[in-house]
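None of the values given here were measured: they were computed from a predicted structure. Residues take their numbers from the sequence shown, with the count starting at 1. Side chains included, hydrogens not; waters and symmetry mates left out as well; all remaining heavy atoms used.
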Amino acid sequence: HVQLVESGGGSVEAGGSLRLSCEASGYTWTTNTEMFTMAWFRQAPGKEREGVAAIDRDGSTIYSDSVKGRFTISKDIAKNTLYLQMNSLKPEDTAMYYCTAAIFYERWRLRAPDFGYWGQGTQVTVS
């Protein structure tokens, strides 16, 4: 089992910054930490959940075109924590942001159905 708890959301003016955190725990996480791919998704009202950024087990990262150059994903294995640094925020970044994790044994894509563990989300509002 994997538990994911997000924090760091809030309200900010356009151009501002926020840093989201996601703390992972649970037996499955503890015994397989190095094998997980982790990611951030977001979902705005009336829209589908979309992938924002991901970091693979080897530390490689991918970003959606909409956030590339503004957001940075990172992880601290010792702290069991995933981060998303968000700079130059825009109103269109307003959404619920979710942390997610999965173990992949073959090539993967940043698609919500492929990730099995999810947090409850943290709201980001940019005005």
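Checked by atom type, the side-chain pair Asn80/Trp29 shows a donor-acceptor distance below 3.5 Å.
Once rounded to the nearest 0.5 Å, the distance linking CG of Asp93 with OG of Ser66 reads 7.0 Å. Between the OG1 atom of Thr81 and the CE atom of Met38 there is a distance of 8.5 Å, given to the nearest 0.5 Å. Atom CD of Gln85 and atom CZ of Arg70 lie 12.0 Å apart (nearest 0.5 Å). If you take CZ on Arg49 and NZ on Lys47, they are separated by 15.0 Å, rounding to the nearest 0.5 Å. Annotation: the span from Phe115 atom CZ to Arg109 atom CZ amounts to 11.5 Å, rounded to 0.5 Å.
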Run the side-chain donor-acceptor check on residues 119-127: report pairs under 3.5 Å with partners two or more places apart or on a different chain.
from	atom 1	to	atom 2	distance (Å)
Thr122	OG1	Gly9	N	3.1
Gln123	NE2	Ala95	O	3.4
Gln123	NE2	Thr125	OG1	3.4

Show me, pair by pair, the donor-acceptor contacts under 3.5 angstrom made by side chains of residues 13-25, not counting sequence neighbours?
from	atom 1	to	atom 2	distance (Å)
Ser17	OG	Asn87	OD1	2.9
Ser25	OG	Gln3	OE1	3.4

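No single ILVMFWY cluster, assembled from side-chain heavy atoms under 4.5 Å apart, contains both Ile62 and Leu82. Under the 4.5 Å side-chain heavy-atom criterion for Ile, Leu, Val, Met, Phe, Trp and Tyr, Tyr97 and Val5 are members of distinct hydrophobic clusters.
Here the side chains of Arg57 and Ile103 are in contact, with some heavy-atom distance below 4.5 Å. Using a 4.5 Å cut-off on side-chain heavy atoms (C-beta onward), Met86 and Phe71 make contact. Using a 4.5 Å heavy-atom threshold, the side chains of Asp76 and Tyr83 count as touching. By the 4.5 Å heavy-atom criterion applied to side chains, Phe41 and Val52 are not counted as neighbours.
Applying the side-chain contact (heavy atoms from CB on, under 4.5 Å) rule to Thr61 yields the partners Ile55, Tyr63, Ile73; only residues at least two apart in sequence or on another chain are considered.
Between Glu34 and Ile77, the shortest heavy-atom distance links the atoms OE2-CG2, 3.5 Å. Across Thr30 and Thr33, no two heavy atoms sit closer than the pair O-OG1, 3.6 Å. Across all non-hydrogen atoms, the minimal contact from Leu110 to Ala53 is CD2-N, 4.1 Å.
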Subject >> Residue pair Trp40, Cys99: steps toward the side-chain contact (heavy atoms from CB on, under 4.5 Å) verdict >> reply: CA-CA 5 Å; Trp40 290 95; Cys99 171; 4.0 Å; yes
**OP:** Just do the side-chain contact (heavy atoms from CB on, under 4.5 Å) check on Gln43 and Tyr98 with the steps written out, would you?
**Re:** CA-CA 8 Å; Gln43 188 167 20; Tyr98 297 92; 4.2 Å; yes
Subject >> Trace of the side-chain contact (heavy atoms from CB on, under 4.5 Å) decision for Thr28 with Phe36 >> reply: CA-CA 10 Å; Thr28 302; Phe36 278 94; 4.1 Å; yes
Subject >> Full working for side-chain contact (heavy atoms from CB on, under 4.5 Å) between Arg42 and Met96 >> reply: CA-CA 5 Å; Arg42 66 186 181 186; Met96 185 72 79; over 6 Å; no
Subject >> Derivation of the salt bridge (charged side-chain N to carboxylate O under 4.0 Å, His left out) call for Asp65 and Lys68 >> reply: CA-CA 5 Å; Asp65 288 343; Lys68 199 171 295 183; 3.2 Å; yes
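With hydrogens and angles disregarded, a donor-acceptor distance shorter than 3.5 Å links the side chain of Thr100 to the backbone of Tyr117. No donor-acceptor distance shorter than 3.5 angstrom exists from the side chain of Trp108 to the backbone of Tyr105, with no hydrogens or angles considered.
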